Amino acid sequence: MEKKIRVRFAPSPTGSIHVGNARTALFNWLIARQSNGEMVFRLEDTDVERSSLESIESIKKDMNWLGFDWDDGPYLQSERLELYRQKAKELEESGAVYKCFCSAEELEAKRENQMKEGKTPMYDGTCTHLTKEEVQAKVDAGVPFSYRFKVTEKSITLNDLVRGEILFDLKETGDFVVMRPNGYPVYNFSVVIDDALMGITHILRGEDILPSTPKQIMLYKALGFDAPQFGHLSMINGPTGRPLHKRDGATSLSSFREAGYVPEAMFNFLALLGWSPKGDNEILEKEDIISSFSIKDVSKSPAQFNYEKLKWMNGQYLHKKSDEEILDLITPILSERYSGFSSLADDRKLAVAKAVKPRVELISESVEQARVFFEKAEITEAEAVEMSSSEDYRVVVDSFKTVLANYSEIRLEDQKAITKEVQKLSGRKGKALFMNLRIALTGEMHGADLEYIFFVLGKDEMLKRVSQ
RNA sequence: GAUCCCAUCGUCUAGCCCGGUCAGGACACUGGCCUUUCACGCCGGCGACACGGGUUCAAAUCCCGUUGGGAUCGCCA
């Protein structure tokens, strides 16, 4: 029987989740959920300088928002330091790693030199040749040291889940550090130990770490562990076609949440970033994505983050929502922006939601789309200006006032009858009737259905507006 | 410089493994329909196999090369 799939999401808590990481997390989560597997949540906080508690909270919040859950963790690497140190000692005993006394400055200088000479920068092996006595002497003298892994293999083959077989030439790979002098492990070391000990079977991650995968494979071997299955996902490009960068606009998950994107849309969009479903339909429910996702259908080439399409997709999800759901979403933003919103009766508020729904792709756009219900715009459009000074306009408005006098309360279904009466009284119909009414009431030539405008504005407000 | 990855409409992609369909879909753009306006929706249009060789009756698909883009080479992750 196949071993149960166990994946992990292991961000470093150095800020809010980036969409690229979110996509990676999603793919891992998907293969776990579709196979009754497990998800481990681990925080790679070995970089003391950049890690923060706030970041951890914001990551959890983002994950919850998207609907990712985990079965194990969160683990903090900073709490497992003893483990890494112990493993480093074991490797030293087996001869897989050795103490390196070179200082950061020396190494930096050497590296620059190698670059200048056009050579591949790699460790020159200075400390490999130290005798036991020399090592002991330096340790006694208190010279700080790191542990370096001795690369003996000439090449490594990786069978990548998305890229197939890859052969790495290790001739130019120098011995690399696994433990820093301060006792903290380097990424390559702690991931391997944690992934192995936590029983991770599949690792889907960005292709930016593809080049360090052979190092990790060597570490697995040296430590006596079986390596998991790796799958390297392509990078995500920004609108310029270059890797997505902060200057391209929003890149953190939280910024999308704050901009009014709904999690279903984000989830769907992220899934399509490199993966494509079998059929023609791209709007997919979470359950559909879970059941149909396959790592085999993941693209090898980079995907560009298409903000336009995300927005469209968000609109698709918004349009599918009930009026009540839309009302819940727009209430905070509209009550803040328009003082009149809160005092509206519930059925009027719902009418606003109904009117706004098909016209927005982003909840934030409801401010603009609902404006008509709270403010009359100045008539600026040339054609509107022209119409509003016509004889038709005066006649329609006068008739409208007359008809309105017979009403006290306006119900949603009254609009038809009212306009019918205005038509009879004014003798105007079609555009001359409806467009003039619209302009008189809203100041604009386009916007929500008159039905909703009549209902939400009510008699008094309409009278006020047409007299302006 | 070295190692590795990638290459189909403007963008994301299907098709490639097992050569033969007008190279299919989505966003964007655009024409029309629906609608008392706009929006939504529906129907259509525009638009791509990076280049060069080879194999073959036939190549987006198989092979070789070229070019272009990207990642990495760290005591960051």
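Predicted, not measured: the structure shown is a model, and the values here were computed from it. Residue numbers begin at 1 in each chain, while the letters A, B, ... track the order of the sequences.
Every residue was checked against the side-chain hydrogen bond (donor to acceptor under 3.5 Å, both in side chains) condition with A:Q316, not counting sequence neighbours, and none meets it. Evaluation of the ring pair (Phe, Tyr, Trp, His ring centres under 6.0 Å) rule for A:F305 yields A:F256, A:F269, A:Y307 as partners, not counting sequence neighbours. Every ring pair (Phe, Tyr, Trp, His ring centres under 6.0 Å) that A:F400 has, sequence neighbours left out, goes to A:F454.
To the nearest whole angstrom, the two C1' atoms, one in B:C4 and one in B:C22, are 39 Å apart. Rounded to whole Å, the separation between the P atoms of B:A58 and B:C73 comes to 47 Å. If you take atom P in B:C40 and the same atom in B:A26, they sit 16 Å apart, rounded to whole Å. Across the P atoms, B:A50 and B:C33 are found 39 Å apart, a figure rounded to whole Å. Nucleotides B:C49 and B:U66, compared at atom P, are 23 Å apart to the nearest Å. Distance noted for atom P between B:G70 and B:C29: 28 Å (whole Å). Here, B:U36 and B:G31 have their C1' atoms 23 Å apart, quoted to the whole Å. Look at the P atom in both B:A60 and B:G20: the space between them is 10 Å, to the nearest Å.
A salt bridge does not link A:D449 with A:K354: every distance from a Lys NZ or Arg NE/NH1/NH2 to an Asp or Glu carboxylate oxygen is 4.0 Å or more. Under 4.0 Å is where a charged nitrogen must lie from a carboxylate oxygen, and between A:E264 and A:K321 at least one such pair does. Remark: A:R85 engages A:E82 in a salt bridge, criterion side-chain N to carboxylate O under 4.0 Å.
Looking at A:R394 and A:S388, their side chains never bring a donor and an acceptor atom within 3.5 Å of each other. Judged by distance alone, the side chains of A:H232 and A:R163 never bring a donor and an acceptor atom under 3.5 Å apart.
Look at CE on A:M445: it is 13 Å from P on B:A39, rounded to the nearest Å. Per the geometry, NZ belonging to A:K171 stands 14 Å off C1' belonging to B:C4, to the nearest Å. One interatomic measurement links the two molecules: CG of A:L441 to P of B:U37, which rounds to 16 Å at whole-angstrom precision. Straight-line distance from the CZ atom of A:F454 to the C1' atom of B:U37: 13 Å, rounded to whole Å. Atom CG of A:L233 is separated from atom C1' of B:C6 by 14 Å (rounded to the nearest Å). Taking atom NZ of residue A:K321 and atom C1' of nucleotide B:C40, one finds them 17 Å apart after rounding to whole Å. For the pair A:K300 NZ and B:C4 C1', the computed distance is 14 Å after rounding to whole Å. One atom, CG of A:N268, and another, P of B:C12, lie 18 Å apart when rounded to the nearest Å.
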Apply the test ring pair (Phe, Tyr, Trp, His ring centres under 6.0 Å) to residues A:F27 and A:F293: give CA-CA distance (whole Å), side-chain angles for both, the deciding distance (0.1 Å), then the verdict.
CA-CA 8 Å; A:F27 283 16; A:F293 179 84; 4.9 Å; yes
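In this structure, B:C57 forms a base pair with B:G20, meeting either the Watson-Crick or the G-U wobble geometry with both donor-acceptor distances under 3.5 Å. The partner of B:C42 is B:G32, by the rule that a Watson-Crick or G-U pair needs both atom distances under 3.5 Å. Summarising the base pairing, B:C73 is matched to B:G1 through a Watson-Crick or G-U wobble pair whose two defining distances lie under 3.5 Å. Remark: B:C27 base-pairs with B:G10. Criterion, Watson-Crick or G-U wobble with two distances under 3.5 Å. Pair assignment for B:U66 gives B:A50, based on Watson-Crick or G-U wobble hydrogen-bonding distances that are each under 3.5 Å.
Each of A:V360 and A:K278 lies near RNA chain B, and the nucleotide nearest A:K278 is the one positioned closer to the 5' end.
We find the CG-CG distance between A:N21 and A:L26 to be 12.5 Å, quoted to the nearest 0.5 Å.
For the pair A:K87 and A:Y84, the cation does not sit on the ring face, since its NZ or CZ is not both under 6.0 Å from the ring centre and inside 45° of the axis. The cationic atom of A:R80 (NZ for Lys, CZ for Arg) lies less than 6.0 Å from the six-membered ring centre of A:Y75 and within 45° of the ring axis.
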How would you summarise protein contacts on nucleotides 69-77 of chain B per nucleotide, using B for base, S for sugar-phosphate only and - for none, with heavy-atom distances below 4.0 Å?
-SSSBSBSB
What does nucleotides 21-31 of chain B look like as a protein-contact string, B for base, S for sugar-phosphate only, - for none, at under 4.0 angstrom between heavy atoms?
----BBSS---
Listing time: all N or O pairs from protein to nucleotides 34-36 of chain B that are below 3.5 Å?
from: B:U36; atom 1: O4; to: A:Q415; atom 2: OE1; distance (Å): 3.3

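Remark: A:S234 is not in phosphate contact with B:C6, judged by side-chain N or O atoms under 4.0 Å from OP1 or OP2.
Distances from the side chain of A:Q304 to the nucleotides B:U11, B:A39, B:U37 place B:U11 closest.
Few gaps surround NZ on A:K320; more than 12 heavy atoms of other groups in view lie less than 6.0 Å from it.
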